[in-house]
Amino acid sequence: MDGQATKRGGDREFHERRAKQAQGMATRASSLSIRRLHLQMAAEHERRADIVDE
């Protein structure tokens, strides 16, 4: 998949989708450190979705 294929829906939708994926990965994480990493990634994508939305 090329880099732009995931962004065709728009940057806001891209970051919202990635945040949701990261939250799902955090739920299924086997260790606390991996869960924390995915939650941080989700928060960053949510922040970027808010910035793009402005």
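Since the structure is predicted, the reported quantities are computational estimates derived from the model, not experimental observations.
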- [ ] Please list, chain by chain and in numerical order, all residues satisfying ring pair (Phe, Tyr, Trp, His ring centres under 6.0 Å) with H45, sequence neighbours excluded.
- [x]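 For H45, the residues satisfying ring pair (Phe, Tyr, Trp, His ring centres under 6.0 Å) (neighbours in sequence not counted) are H15.
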
Task: Results of salt bridge (Lys or Arg N to Asp or Glu O under 4.0 Å) for E46 - residues two or more places apart only - done: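 Listed in chain order: nothing, the list is empty.
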
TODO: Would you please name every residue forming a salt bridge (Lys or Arg N to Asp or Glu O under 4.0 Å) with R47, sequence neighbours left out?
DONE: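 By the salt bridge (Lys or Arg N to Asp or Glu O under 4.0 Å) rule, R47 matches E44.
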
Open item on the list: Between R18 and Q21, is there a side-chain heavy-atom distance shorter than 4.5 Å?
Closed with: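 In short, these two side chains touch, coming nearer than 4.5 Å.
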
Distance-only donor-acceptor pairs under 3.5 Å for side chains of residues 29-36, two or more places apart:
from, atom 1, to, atom 2, distance (Å)
S31, OG, S33, OG, 3.4
S31, OG, I34, N, 3.3
R35, NE, A26, O, 3.0

- [ ] Please collect all ring pair (Phe, Tyr, Trp, His ring centres under 6.0 Å) contacts where either partner lies in residues 19-42, sequence neighbours excluded, each pair once.
- [x]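 Listed once each, the pairs would be none.
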
- [ ] Determine, for K20 against E16, whether the closest basic-nitrogen to carboxylate-oxygen distance falls under 4.0 angstrom.
- [x]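 The answer is no: the pair does not qualify as a salt bridge.
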
TODO: Under 4.5 Å between side-chain heavy atoms, chaining through other members, with only Ile, Leu, Val, Met, Phe, Trp and Tyr counted: pull out the rest of the cluster around L37, sorted by chain and number.
DONE: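 For the cluster that includes L37, the remaining residues are M41.
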
